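This report refers to the structure that appears directly beneath it.
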Amino acid sequence: MARIGIFDSGVGGLTVQRAILAALPGADTLYLGDTARVPYGTKSPETVTQYSLRNARFLRALGIDLLVVACNTASAVALPALREALDLPVVGVVEPGARAAVRASAGGPIGVIGTPGTIASGAYQAAIRVARPGADVRARAASLLVPLAEEGWTDPADELVRGVVRRYLAPLRGEGIDALVLGCTHYPLLAGAIAAELPGVPLVDSAASVAAEVGARFPGDAVGDGRHRFFVTDAPERFLAVAGRFLGRPVEAAEHVDV
Ligand code: DGL
């Protein structure tokens, strides 16, 4: 039986949970969205690490077999502290995403977009260079794509959406990148608009690679009863209003907790 704990700063990690459920449909999951403290992407590494440790301890106390850090910013800055503090396997999104990017790239420069915290940490840049020594990585922060995705403004035909995406991606156009890492939980919702700005460039969503890694740890079909509980640290109704779009299936209830 696999009971998987998943946390994110808010709703974004549901894109990772979605991929995990596609790989392990029977898994039991406990999802925590730290909606009282979102966003993590503009906070210091120390603060994000402190929040991440609290989230992890909350889920650990409920009894989980594995923790997925379904937030790029938290994965980028807090993974070593989480691995040291917990006596269970911890999977982050950065390393699987970096490996997938190297697989998708034909050897040219690799682009990465993420929150300011993720990009400033250098975690993707370092992980890509572990997978391919000497890799040329072009990393850019794209903060406004987070609220855009939460607002549901993701239609590639919408000029406003295209304009915001174009502005962030302009520096990457013409740099010859041959793969782009969507290094933030929210960006897969904007994949259509991003692809339209960078035609022919493969987009790498780390969620699928994370799901493959999680699936490999629980071989076999009978991994659980497919039960899912959702916890948030603030305003469950706001979480529920957008959660279905990120998870790709309805989320009926979320419990308000204090971590
Ligand atoms: N979940 C965050 C990430 O993937 C984005 C939202 C935030 O800044 O908290 O980096």
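Everything numeric here is computed off the predicted structure, so don't read it as measured data. For reference, positions follow the sequence shown, starting with 1. Atoms within a ligand are numbered from 1 in the order they appear, just like the ligands themselves.
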List the closest protein heavy-atom neighbour of atom 1 (N) of ligand 1: residue, atom name, distance to the nearest 0.1 Å.
-> Asp8 OD1, 2.8 Å
Salt bridge or not for Arg99 and Glu213, using N-O below 4.0 Å?
-> yes
Which heavy atom of the protein is the closest neighbour of atom 8 (O) of ligand 1, given with residue, atom name and distance?
-> Gly41 N, 2.8 Å
Ring geometry between Tyr31 and Phe230 (parallel below 30°, tilted from 30 to 60°, perpendicular above 60°) | tilted
Ignoring angles and geometry beyond distance, decide whether Thr73 reaches within less than 3.5 Å of ligand 1 through its nitrogen or oxygen atoms.
-> yes
State whether the side chain of Glu151 and the backbone N or O of Val146 hold a donor-acceptor pair below 3.5 Å, judged by distance alone.
-> no
Salt-bridge criterion met for Glu197 and Arg167 (N-O under 4.0 Å) | no
Return the residue, atom name and 0.1 Å-rounded distance of the protein heavy atom closest to atom 6 (C) of ligand 1.
-> Ser9 OG, 3.6 Å
May I ask you to check whether Thr185 has an N/O atom sitting below 3.5 Å from an N/O atom of ligand 1?
-> yes
State plainly whether one hydrophobic cluster holds both Leu53 and Ile64, where clusters connect Ile, Leu, Val, Met, Phe, Trp and Tyr through side-chain heavy atoms under 4.5 angstrom apart.
-> yes
Who's the nearest protein heavy-atom neighbour of atom 5 (C) of ligand 1, and how far?
-> Cys184 SG, 3.6 Å
Pair Trp153-Val164, side-chain contact (heavy atoms from CB on, under 4.5 Å): steps then yes or no | CA-CA 11 Å; Trp153 293 8; Val164 176; over 6 Å; no
Near Tyr40, which atoms of ligand 1 are under 4.0 Å from a heavy atom of that residue?
-> 7 (C), 8 (O), 9 (O)
